[in-house]
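Just the heavy atoms: all of them, side chains too, but no hydrogens, waters or symmetry mates, feed the values below. A, B, ... follow the sequence lines: proteins, then strands. Residue 1 opens every chain.
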Number of protein chains: 4
Amino acid sequence: MQIGLVGLGKMGGNMRERLRNAGHTVIGYDTNREVSDVDHLSDLVDRLDGPRVVWVMVPAGAATQLVVDQLGTLLRHGDVVVDGGNSRWTDDEKHAKELHARGIGFVDAGVSGGVWGLKNGYALMVGGDEEHVELLKPIFDALKPDGPYGFVHAGRVGAGHFAKMVHNGIEYAMMQAYAEGWELLERVDSVDNVREVFRSWQEGTVIRSWLLDLAVNALDDDEHLERLRGFAEDSGEGRWTVEAAVENAVPLPAITASLFARFASRQEDSPQMKMVAALRNQFGGHAVESAEKA
Amino acid sequence: MQIGLVGLGKMGGNMRERLRNAGHTVIGYDTNREVSDVDHLSDLVDRLDGPRVVWVMVPAGAATQLVVDQLGTLLRHGDVVVDGGNSRWTDDEKHAKELHARGIGFVDAGVSGGVWGLKNGYALMVGGDEEHVELLKPIFDALKPDGPYGFVHAGRVGAGHFAKMVHNGIEYAMMQAYAEGWELLERVDSVDNVREVFRSWQEGTVIRSWLLDLAVNALDDDEHLERLRGFAEDSGEGRWTVEAAVENAVPLPAITASLFARFASRQEDSPQMKMVAALRNQFGGHAVESAEKA
Amino acid sequence: MQIGLVGLGKMGGNMRERLRNAGHTVIGYDTNREVSDVDHLSDLVDRLDGPRVVWVMVPAGAATQLVVDQLGTLLRHGDVVVDGGNSRWTDDEKHAKELHARGIGFVDAGVSGGVWGLKNGYALMVGGDEEHVELLKPIFDALKPDGPYGFVHAGRVGAGHFAKMVHNGIEYAMMQAYAEGWELLERVDSVDNVREVFRSWQEGTVIRSWLLDLAVNALDDDEHLERLRGFAEDSGEGRWTVEAAVENAVPLPAITASLFARFASRQEDSPQMKMVAALRNQFGGHAVESAEKA
Amino acid sequence: MQIGLVGLGKMGGNMRERLRNAGHTVIGYDTNREVSDVDHLSDLVDRLDGPRVVWVMVPAGAATQLVVDQLGTLLRHGDVVVDGGNSRWTDDEKHAKELHARGIGFVDAGVSGGVWGLKNGYALMVGGDEEHVELLKPIFDALKPDGPYGFVHAGRVGAGHFAKMVHNGIEYAMMQAYAEGWELLERVDSVDNVREVFRSWQEGTVIRSWLLDLAVNALDDDEHLERLRGFAEDSGEGRWTVEAAVENAVPLPAITASLFARFASRQEDSPQMKMVAALRNQFGGHAVESAEKA
């Protein structure tokens with residue numbers, strides 16, 4: 001089938017390739033002319049037959065809003081927009097409402113797979129009305145991995161990005177789990193071959209996983225990770241997971257601890273630990289003017 | 001080769017079977033006569049040619065200490081004891097020293113695999129001297145999974161159980177990660193099919209793992225886990241991981257949060273939350289006799 | 001000076017009394033006619049001389065928004081609105097902007113003190129322009145405790161409620177600290193008099209505080225807190241503190257743990273612990289159809 | 001009354017002074033001849049009339065064990081040893097048993113107060129038999145603060161140090177609470193005077209405390225704590241609190257988070273965050289040899 005694809009960065013570019021390999025007609029648009037199939041977004045829309053399907057694959061927030069706004073004026077009743085970026089689920093509800101007012105459908109798709117997706121397929125978590133999801137089925141089938149897994153229609157608009165967000169929250173805690181175990185093993189004297197311990201875990205254990213495979217790969221590159229700094233970025237999804245937990249009164253101690261560990265890793269010098277140190281110093285005995293005695 | 005196996009419970013019994021299937025001669029002893037090959041531990045020792053190898057597979061703590069003590073008097077210079085139970089690594093150091101005084105070798109083996117081990121093999125993490133580990137190689141080869149993974153000589157005595165302990169600590173945090181994500185998804189209205197979200201994650205995602213497969217299996221049995229109580233036991237390894245972290249000044253926030261969540265799950269009514277409630281009530285205004293004013 | 005006071009509940013009513021005791025003229029309005037000084041909000045406005053000052057003391061959110069909207073139409077250029085409720089700091093920025101468009105000033109005031117405030121004074125954390133804060137100085141002086149403490153002009157609009165919010169976040173962690181210590185002491189056999197341990201801490205220790213005084217008072221009422229359930233509510237401020245932390249990438253592990261402990265205390269049966277239990281059951285050996293083998 | 005005091009460092013020296021000011025006869029011994037009243041420990045014992053009371057105020061662990069061993073040989077039936085150092089409660093049980101075998105009593109005393117104790121008195125948490133505690137009453141009365149607080153007979157041997165240990169655990173979480181709040185306030189733009197916010201909290205708030213007074217004092221010295229590094233030591237008591245929690249299955253999320261924050265503050269570069277960074281890099285796409293495909 002035909003599809004328009006807005007945003008041809010690393011992810012979008014690979015997805016165009018995977019879709020074309022599957023026999024679909026993809027019209028791609030990007031502000032980078034070198035990779036774009038058309039000069040303007042309007043050209044992309046013109047080259048599609050109705051009902052048109054346009055997949056948006058640009059950064060979450062302002063960039064996605066801009067494209068959704070433009071598509072709102074370019075598309076017609078019965079067309080469908082898919083947001084495959086990393087938008088917050090609350091943006092989905094807003095975008096769906098704006099487009100719905102013009103008779104345009106909206107589907108949100110959380111996409112996992114990174115650079116491995118071109119070859120192995122992308123895991124897709126999708127939210128929206130059944131009719132819109134059904135229309136997109138051939139596209140989803142081409143993008144997803146072979147086999148029975150890797151695609152879910154999770155619920156109404158927003159459910160796709162919400163599920164992807166939770167996926168990333170779980171990912172944070174799993175990465176933290178391996179990282180904590182690795183540090184403890186590296187610290188003790190009795191264990192002299194931590195990399196081989198990790199490698200051995202790849203079969204027969206409860207904790208075997210794709211992330212463990214990646215960890216072993218990383219240790220094969222750099223056994224004690226001496227070429228790296230203990231500095232970890234975080235993305236919107238980790239933060240949004242904690243915000244959703246707070247909003248819904250769900251305790252997420254492990255996921256939140258993982259997010260906070262990343263925050264702390266990026267501080268040159270911890271302000272809060274300065275205060276702890278200052279309080280400890282005060283016990284040492286400088287004169288304290290206390291409220292009670294004032 | 002020949003091996004004595006002390007403890008023929010679920011784990012030990014299956015291991016005897018897997019070893020025999022691989023062509024080894026196993027003399028098993030258990031206090032349960034129905035499963036035991038011999039009447040007394042001394043019979044087991046008598047039926048082995050030197051250098052004898054005896055694998056101990058009994059509960060950690062007092063039971064293991066008792067068997068190690070008995071083997072210390074029954075075995076001879078050059079024989080080797082393997083502790084394949086869930087002993088604390090500090091017990092290993094003690095046992096090795098006691099046996100070493102009599103010229104008997106000691107190897108500790110952390111064993112993972114549960115009921116799946118008989119068929120798929122057991123992941124083995126081993127600590128001890130190279131010569132003793134070498135002597136046991138045919139046994140380890142028979143127990144471990146096929147392929148290049150599932151066995152590691154992690155370091156000196158204690159390293160095997162230490163590595164297994166950390167494995168379990170990681171397992172705690174991974175289980176907690178999926179559990180937190182599942183609860184959050186179940187809570188929100190927009191996601192109407194959490195089980196299918198979990199199932200979809202089994203391919204193409206960053207968080208695919210054997211534990212995720214188990215989670216999907218559990219949800220297929222009982223979609224909303226309504227037949228279960230939110231009550232989780234913990235074992236020695238989880239606690240020892242936190243103790244090792246405290247001893248080594250390694251922060252383990254996610255693993256510790258996972259252990260504490262299990263502790264809390266077993267309380268009918270949380271004492272600490274009673275105190276929080278009591279303090280909140282106090283703001284409501286009963287007369288407070290404060291130290292300052294006394 | 002003259003002041004209008006909207007909202008005469010427990011807090012507002014006591015504040016009116018404290019202000020009148022200090023010689024100020026307070027016109028109070030409440031939808032509850034029994035406590036109200038006037039019939040309509042417009043009457044309150046009419047009875048004040050300009051520049052009018054109106055203190056809003058109603059529930060955060062919709063109620064506060066409604067009163068701010070009404071005052072926006074009733075007041076005139078040069079008048080000032082104070083929000084002394086528990087509004088989120090982001091609401092302050094919105095309200096200030098809306099009122100500023102009509103030439104009306106806005107000040108936010110975080111108020112601490114509860115039922116003790118009438119007698120001991122209210123701690124006030126205030127945000128807004130210097131000129132507006134200056135105008136309100138006599139009111140703040142009457143409400144605050146005697147002595148050099150209990151009032152701060154924390155910064156621009158929003159800073160007062162932000163500071164009060166952080167105050168509450170700190171309060172959560174302090175309450176949790178005492179609660180955790182109390183539970184641990186109650187658990188061990190060797191300590192046979194936990195209440196007296198707490199009482200003894202009221203002098204000479206590092207942890208003496210007003211909250212400790214309250215804890216002792218609570219234990220004097222009910223030594224083992226047997227009349228309470230381990231069930232703790234949370235308020236907006238605790239959640240907003242965590243949200244502000246996430247937004248600003250500041251790790252708040254102790255405050256967040258305290259909030260999550262309250263969430264967990266309110267669950268009859270923990271969903272996430274059901275999942276942990278389910279995963280543990282799976283090790284027990286039901287057939288697992290894993291993604292790998294599909 | 002008479003008392004021997006072993007260990008005349010900062011704490012012991014001040015305690016000798018406070019006891020003498022109260023009219024007691026103190027024979028002090030220290031390996032530092034400049035401050036010692038006698039040349040040998042045996043001289044101290046010789047100068048006391050029976051039943052002798054000797055207060056040990058030396059570092060926990062080996063030093064305390066050594067003095068207890070020596071006193072075991074020097075003292076006689078009916079004498080009493082008090083350990084006022086920071087010993088682990090499990091050491092108390094051992095020491096009491098060793099001394100009991102010789103008919104010598106043992107009391108453990110957790111002491112709080114630091115440099116403020118000389119003037120304000122020391123908070124004392126005491127464990128041991130009623131008869132031994134009774135014998136020491138005049139000494140405890142002299143050391144404790146004036147007024148009804150600051151002394152507790154918490155339970156049997158070990159209870160004193162256990163209570164002091166929990167006191168310190170609570171202290172960790174309270175310090176962390178203020179530190180987290182301070183960092184968040186310092187981070188946001190709207191609050192321009194964090195020190196004055198802290199100062200204002202000293203009256204009328206829920207979180208007023210002696211630690212808050214110390215925090216204000218520290219900020220008066222160095223408003224943004226720029227002269228300090230975010231580096232915080234920890235002591236045995238914090239770690240033992242977590243160990244006691246793990247042993248007793250009591251969840252202590254806030255106290256443990258506070259301990260872990262100190263651990264992390266002392267790492268130049270976090271090993272676990274290197275692993276998290278490494279895993280993130282792996283998503284970027286180096287070839288991964290996974291267990292599944294091997």
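Using a 3.5 Å distance cut-off with no hydrogens or angles, the side chains of A:N14 and A:K10 do not pair a donor with an acceptor.
Among A:K164, A:E247, A:Q176, A:E183, the residue making the largest number of heavy-atom pairs under 4.5 Å with chain B is A:E183. Each of B:V157, B:L124, B:T205 has some count of heavy-atom pairs under 4.5 Å with chain A, and the biggest count is that of B:T205. Looking only at heavy-atom pairs under 4.5 Å with chain B, the residue among A:A154, A:G155, A:A173, A:G150 that has the most is A:A154. Heavy-atom pairs under 4.5 Å with chain A peak, among B:V206, B:V166, B:V191, at B:V206. Considering only heavy-atom pairs separated by less than 4.5 Å from chain B, the leading option among A:D146, A:N193, A:T256, A:V188 is A:V188. Annotation: maximal heavy-atom pairing with chain B below 4.5 Å, among A:A177, A:A261, A:A257, occurs at A:A177. Most heavy-atom pairs under 4.5 Å with chain A: of the set B:H153, B:M174, B:H167, B:K144, this distinction falls to B:H167. When A:Y172, A:W89, A:W201, A:Y122 are compared by the number of non-hydrogen pairs under 4.5 Å with chain B, A:W201 comes out ahead. Per-residue counts of heavy-atom pairs under 4.5 Å with chain B were compared for A:P145, A:G147, A:P253, A:S112; the largest is that of A:P253.
Salt bridge B:D234/B:R266: present, at least one basic N to carboxylate O contact under 4.0 Å. With salt bridges taken as basic N to acidic carboxylate O contacts below 4.0 Å, one links B:D220 and B:R199. B:K137 has no carboxylate O lying under 4.0 Å from a charged side-chain N of B:E134, or vice versa, which leaves the two without a salt bridge. B:E93 and B:K97 are not joined by a salt bridge, as no carboxylate oxygen comes within less than 4.0 angstrom of a charged side-chain nitrogen.
Proximity of a side-chain donor or acceptor of B:R18 to a complementary backbone N or O of B:L143 within less than 3.5 Å is detected. For the pair B:H161 (side chain) and B:G127 (backbone), a donor-acceptor distance under 3.5 Å is absent.
Results of the side-chain hydrogen bond (donor to acceptor under 3.5 Å, both in side chains) test with A:R88 over A:D91, A:T90, A:D92 single out A:T90 as the only residue that passes.
Proximity to chain B is limited to the side chain of A:S258, based on heavy atoms less than 4.5 angstrom apart. Both the backbone and the side chain of B:Y178 come within contact range of chain A, with heavy atoms under 4.5 Å apart. At a 4.5 Å heavy-atom cutoff, the contact between B:D189 and chain A is made by backbone and side-chain atoms alike.
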